[in-house]
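Worksheet: one structure, shown below.
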Amino acid sequence: MQGTNTTDIESGFKVSVESWMSGMMNGMENCAQNGTASSNSSQSGHIEESKTNLIVNYLPQNMTQEEIRSLFSSIGELESCKLIRDKVTGQSLGYGFVNYVRQDDAERAINQLNGLRLQNKTIKVSYARPSSEAIKGANLYVSGLPKSMTQQDLESMFRAYGSIITSRILCDNITGLSKGVGFIRFDQRIEAERAIQKLNGTIPEGAAEPITVKFANNPSNNNKAVPPLAAYLSPLTRRYGGPIHHPAGRFRYIPLSPLTRHSLVFPQVKTIDSLPEETTGANVATDIKSKLVYSPSTGENLLGNSLLPGSALNGSGWCIFVYNLAPETEENILWQLFGPFGAVQNVKVIRDLQTNKCKGFGFVTMTNYDEAVVAIQSLNGYTLGNRVLQVSFKTNKHKS
DNA sequence: CGACGGGACGC
DNA sequence: CGACGGGACGC
């Protein structure tokens, strides 16, 4: 089982881990993800802005409020935590609010968790602004853009009309070329209105055709909200909430600790069901999983499989033992390591009560067996800092 | 070399 | 023509 982390899993992609902050800054090109920095505050402010309250965007579809609480509690004490859900369907809307007790914890949460990859998402963590009508509906849809126009060009064109929160140019999934359409989200709705008045129907410098600038459709009342019948019939393929459109190489950075200088195979974003067998032992996993459906409490007896000691099955999740962590290890490291592999419910660094230093090990609870297996196979033997990690399912071992 | 937590569970 | 990573201010 060791050594799999140094070879490409077919469905994965291999990346050299450098400082993830610099990767974050460098990666913003033509079709990059989000435009502007996370922590810029609005200039609106007649109301004093909270320095403890954060908005978290681009959360994985299946992430629960308690998992979000677990993640952000690893930084500091929370005052509150709320995942926003659709009122009628109960589905996560992919964003939420985390309010810290202390300002410095909120700031550290932005520094440490913004850009964290969780499953198929890269979360964004930034200060929440006071809720107001003035900031709603400030997203613009722009079409007719010259194909050569980059995200930077787009921002340059709109910058004069207000403070840009995010920007994006859509690209063809296969060719990577611009589709000539994009989005600009302003801080304030008036700014967006002003941009429409000034730019709609105008011809960009050096272009031949005029662009169209209008308010983006509101995603909550779009018409593709009715999923096809198939969506109800194959829950496993819906684990990530729907089809994924991530050509390999779309991710320009990964949020691993700057501590490490090694390379690591990250799972490509796709459902486990479609992973090639030879890379994951998915056959075994599927067999086990189907048996567990009938006999969930006796996981270990079904297998004779050393991969699966009984104590690993822990309530609703699979508990993973991580050994050889450095004394200064904190929870965010475990989130960074395991988050990309699937749904993580909880992480824990075990510390000495006197020194408060890590005792060399910790635990990670993941929801899905298949994802836990891939995480273990990928991270066992991985060099973090100057330590080779040992990663396995938790056993019942206890101190003598 | 070293190695598997802990708070809490409720009727 | 074109709608994103579905979902950015408390659904």
Side-chain angles (χ1 to χ4, degrees), chain A residues 31 33-34 38 42 50 53-61 80-99 119-124 126-145 165-173 178-187 209 212 214-225 227 240-246 250-251 269 309 311-312 314-315 319-325 346-351 353 359-363 365 387 390 392-399:
Chain A
C31 292
Q33 318 296 321
N34 290 315
S38 60
S42 90
S50 167
N53 197 25
L54 305 179
I55 183 168
V56 186
N57 286 292
Y58 314 120
L59 290 163
Q61 171 62 227
S80 63
C81 170
K82 179 164 191 185
L83 172 63
I84 306 304
R85 296 179 174 278
D86 184 285
K87 185 170 49 179
V88 297
T89 69
Q91 291 295 295
S92 165
L93 292 186
Y95 70 98
F97 297 88
V98 172
N99 196 8
Q119 302 173 47
N120 55 335
K121 301 285 186 175
T122 301
I123 68 169
K124 181 170 179 182
S126 53
Y127 286 113
R129 297 168 289 172
S131 188
S132 81
E133 287 304 310
I135 65 176
K136 293 182 183 173
N139 199 21
L140 294 179
Y141 174 73
V142 188
S143 57
L145 296 168
I165 302 293
T166 57
S167 67
R168 183 178 178 83
I169 286 179
L170 302 189
C171 297
D172 184 278
N173 280 332
S178 167
K179 292 166 108 171
V181 305
F183 295 86
I184 290 275
R185 185 186 305 281
F186 277 105
D187 181 72
E209 301 300 320
T212 301
K214 57 185 184 182
F215 283 111
N217 290 342
N218 186 341
S220 62
N221 50 359
N222 61 15
N223 42 15
K224 59 176 182 178
Y240 293 105
I244 311 290
H245 320 281
H246 298 290
R250 279 290 293 279
F251 296 110
V269 178
S311 60
N314 183 347
C319 193
I320 297 168
F321 175 65
V322 187
Y323 182 71
N324 209 17
L325 297 169
N346 189 37
V347 308
K348 179 80 174 177
V349 170
I350 305 305
R351 294 182 169 83
L353 291 172
K359 290 165 78 173
F361 62 95
F363 298 95
T365 306
R387 294 161 172 268
Q390 294 173 47
S392 63
F393 280 112
K394 181 186 187 306
T395 70
N396 264 330
K397 204 174 295 179
H398 56 275
K399 284 185 280 208

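Below, chain A is the first sequence line, B the second, and so on; all start at residue 1.
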Do we count F361(A) as stacking onto dA3(B) if the rule is ring centres under 5.5 Å and planes under 30°?
no

When rounded to whole Å, the CD to P distance for the pair E133(A) and dC9(C) reads 10 Å

Calculate, to the nearest 0.5 Å, the distance between atoms CG and OG1 belonging to N57(A) and T122(A) respectively.
12.5 Å

Atom-to-atom span, OH of Y95(A) to C1' of dC11(C) - whole angstrom
7 Å

Looking for any heavy atom pair under 4.0 Å, which part of the strands does N99(A) touch: base, sugar-phosphate only, or nothing?
nothing

For C319(A) and N324(A), take the nucleotide of DNA chain B holding the closest heavy atom to each; which residue's nucleotide lies nearer the 5' end?
N324(A)

Which nucleotide in the list dA8(C), dA3(C), dG5(B) gets nearest to the side chain of K214(A)?
dA3(C)

Once you apply a heavy-atom cut-off of 4.0 Å, does K136(A) come out as touching a base, just sugar-phosphate, or nothing?
sugar-phosphate

Contact class for S92(A) (heavy atom, under 4.0 Å): base, sugar-phosphate, or nothing?
base

Rounding to an integer number of Å, can you tell me how far F183(A) CZ sits from dA8(C) C1'?
13 Å

Please determine, for the side chain of S143(A), which listed nucleotide (dG6(C), dC4(B), dG2(C)) has the closest atom?
dG2(C)

Whole-Å distance separating the CG atom of N139(A) from the P atom of dA8(C)
8 Å

Within the 4.0 Å heavy-atom criterion, would you say G144(A) contacts the bases, only the backbone, or no part of the nucleic acid?
base

Where the side chain of K87(A) is defined as all heavy atoms beyond and including C-beta, which of dG6(C), dA8(C), dC11(C) is the nearest nucleotide?
dC11(C)

F393(A) atom CZ is separated from dC4(B) atom P, nearest whole Å, by 19 Å

With the side chain defined as heavy atoms from C-beta on, N57(A) is closest, among dG5(B), dC11(C), dA8(C), to dA8(C)

Glycosidic class, syn or anti, of dA3(B) using a 90° window around 0:
anti

Look at the rings of F321(A) and Y323(A) and say which category their plane angle falls in: under 30° parallel, 30 to 60° tilted, over 60° perpendicular.
parallel

Taking only residues two or more places apart in sequence, or in another chain, which ones meet N53(A) in a side chain to side chain donor-acceptor pair (under 3.5 Å)?
none

Between dC9(C), dA3(C), dA8(C), spot the one nearest the side chain of L170(A), thanks.
dA3(C)

Closest to the 5' end of DNA chain B, once R351(A) and Q390(A) are matched to their nearest nucleotides, is Q390(A)

Nearest whole angstrom, please: distance from the P of dC4(C) to the CG of N217(A).
10 Å

Please evaluate the base of dG7(C) for a donor-acceptor partner in the side chain of Q91(A) within a cut-off of under 3.5 Å?
no

Between Y141(A) and F183(A) (judged by ring centroids, cut-off 6.0 Å), do the two rings come close enough to count as a pair?
yes

Using the test side chain to side chain donor-acceptor pair (under 3.5 Å), find all partners of R85(A) that sit at least two apart in sequence or belong to another chain.
none

